[in-house]
Amino acid sequence: MKTIDKTKPVLVTGATGYLASWVVKQLLDDGLTVHGTVRDKTKTEKFEHLLNAEKQPKGKLIIFEADLLEPGSFEPAMQNCELVIHTASPFQISGIKDAQKELIEPALQGTKNVLDSVNNTASVKRVVLTSSMVAIYGDACDILTTEDGVFTENHWNKTSSVTHQPYPYSKTLAEKEAWKMAGEQDRWDLNVINPGFILGPSLSKRTDSTSINLILQLTSGKFKTGVPAGAHGNVDVRDVAKAHILAGFTSTASGRHITAAHEADFLEMANIIRKKYPSLPLPKGYVPKWLFKLIAPAIGFTRKYVKNNVGYDVKFDNSYIKKDLGIEFIPFEKTIIDFVDQLIKDGLIKIK
Ligand code: NAP
């Protein structure tokens with residue numbers, strides 16, 4: 001059991017990201033001091049939304065430079081912090097050229113580097129790591145191997161590799177390494193957040209986040225002929241940020257946390273958007289699996305990915321996070337509509 005002093009700064013790695021920006025904003029709104037790391041301090045366009053967010057709230061934001069691949073680079077930002085929230089990690093699911101370099105090294109070596117720095121920084125008492133549901137399962141068809149037909153925190157992804165599902169593999173290796181390093185000492189403890197697919201309004205106008213990009217594609221007409229079938233876990237970005245903060249400050253919190261609220265597929269999302277924005281070129285049905293398999297390589301997916309993922313509905317048990325952190329999830333319709341409203345307001349989706 002750990003009590004974290006809220007008057008001490010909190011380190012958030014990868015503060016520019018879609019999720020991390022909300023973690024930073026909620027901490028600032030609560031009046032805390034945040035040490036946010038960015039890869040390049042000269043690229044102010046990547047984090048100006050955080051500086052704007054700092055203008056109103058009660059908290060204080062200090063920006064530091066750090067890179068996952070540079071050992072020791074997080075140490076200056078970690079000074080005096082009792083809580084480290086490690087979210088930085090590349091998130092890419094298609095079009096990967098060199099999985100080892102693009103995904104696995106930054107995720108695994110980055111987690112090692114951040115935790116080596118935690119070991120060298122006496123003030124740190126707790127680390128909250130952003131893992132993923134993909135560290136729980138690799139392919140949607142893995143659901144068939146579960147005893148009760150649902151994924152729980154007891155499951156681990158055993159089916160991904162550097163050549164098949166490298167992003168899930170990178171998250172699995174990173175989370176396993178974090179548990180190993182946490183178990184080798186007893187000064188700091190580890191809490192892990194395992195989000196499903198994160199959706200909801202973005203604090204920046206960046207479009208390079210996979211979550212944002214996917215909704216832009218869904219509303220652009222690219223999937224007008226249909227979307228692949230198969231429900232997965234979805235969750236609001238504001239709830240995932242809140243889960244990180246609760247996992248940081250709830251003294252009794254422990255373990256892995258499935259952070260997914262709603263089982264839904266892309267057609268269900270499109271149907272919610274269509275009700276409010278009927279003029280958008282949204283999909284009205286599912287693309288047949290054989291057709292998706294045929295075109296998969298041309299759109300950055302392997303045929304094995306399609307075989308093992310399309311047409312399987314993923315089910316999960318999210319009772320632990322509700323009990324351990326007391327979280328209540330935002331309704332799915334609100335998440336989707338707030339997301340699309342923000343993208344329209346920022347000019348990223350055009351309504352004719
Ligand atoms: P994002 O917007 O792409 O943010 C990723 C962050 O990681 C960015 O701040 C990026 O910095 C940073 N980063 C990447 N490589 C780095 C490196 N070598 N050194 C330092 N920082 C680096 O993605 P996100 O969706 O917010 O994802 C945040 C976390 O949530 C990740 O750990 C991801 O695996 C996890 N997650 C996401 C989802 C989802 O649906 N979005 C679901 C489950 C888990 P730059 O700004 O410099 O690029």
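Everything numeric here is computed off the predicted structure, so don't read it as measured data. First listed ligand is number 1; within each ligand, the first listed atom is number 1.
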Self-check item: Results of ring-ring contact (aromatic ring centres under 6.0 Å, His included) for Tyr305 - residues two or more places apart only
Solution: Phe301

Quiz item: Hey, does the Lys NZ or Arg CZ of Lys6 hover above the aromatic six-ring of Phe249, less than 6.0 Å from the centre and inside 45° of the axis?
Solution: yes

Exercise. Sorted by first residue and then second, give each salt bridge (Lys or Arg N to Asp or Glu O under 4.0 Å) pair with at least one member in residues 108-126; sequence neighbours left out.
Key: Glu82-Lys125, Arg126-Asp189

Practice problem: Please name all residues satisfying side chain to side chain donor-acceptor pair (under 3.5 Å) with Asn308, sequence neighbours left out, ordered by chain then number. | Solution: Asp139

Practice problem: Kindly say whether the aromatic ring centers of Tyr167 and Phe91 come within a distance under 6.0 Å. | Solution: yes

Practice problem: Write out the protein residues near ligand 1, meaning a non-hydrogen atom under 4.0 Å from one of its atoms, in order of chain and number. | Solution: Gly14, Thr16, Gly17, Tyr18, Leu19, Arg39, Lys46, Ala66, Asp67, Leu68, Thr87, Ala88, Ser89, Pro90, Phe91, Thr130, Ser131, Ser132, Tyr167, Lys171, Pro195, Gly196, Phe197, Ile198, Arg206, Ser209, Ser211

Quiz item: Step by step, would you call Glu184 with Lys180 a salt bridge (Lys or Arg N to Asp or Glu O under 4.0 Å)?
Solution: CA-CA 7 Å; Glu184 288 165 353; Lys180 180 175 149 281; 3.6 Å; yes

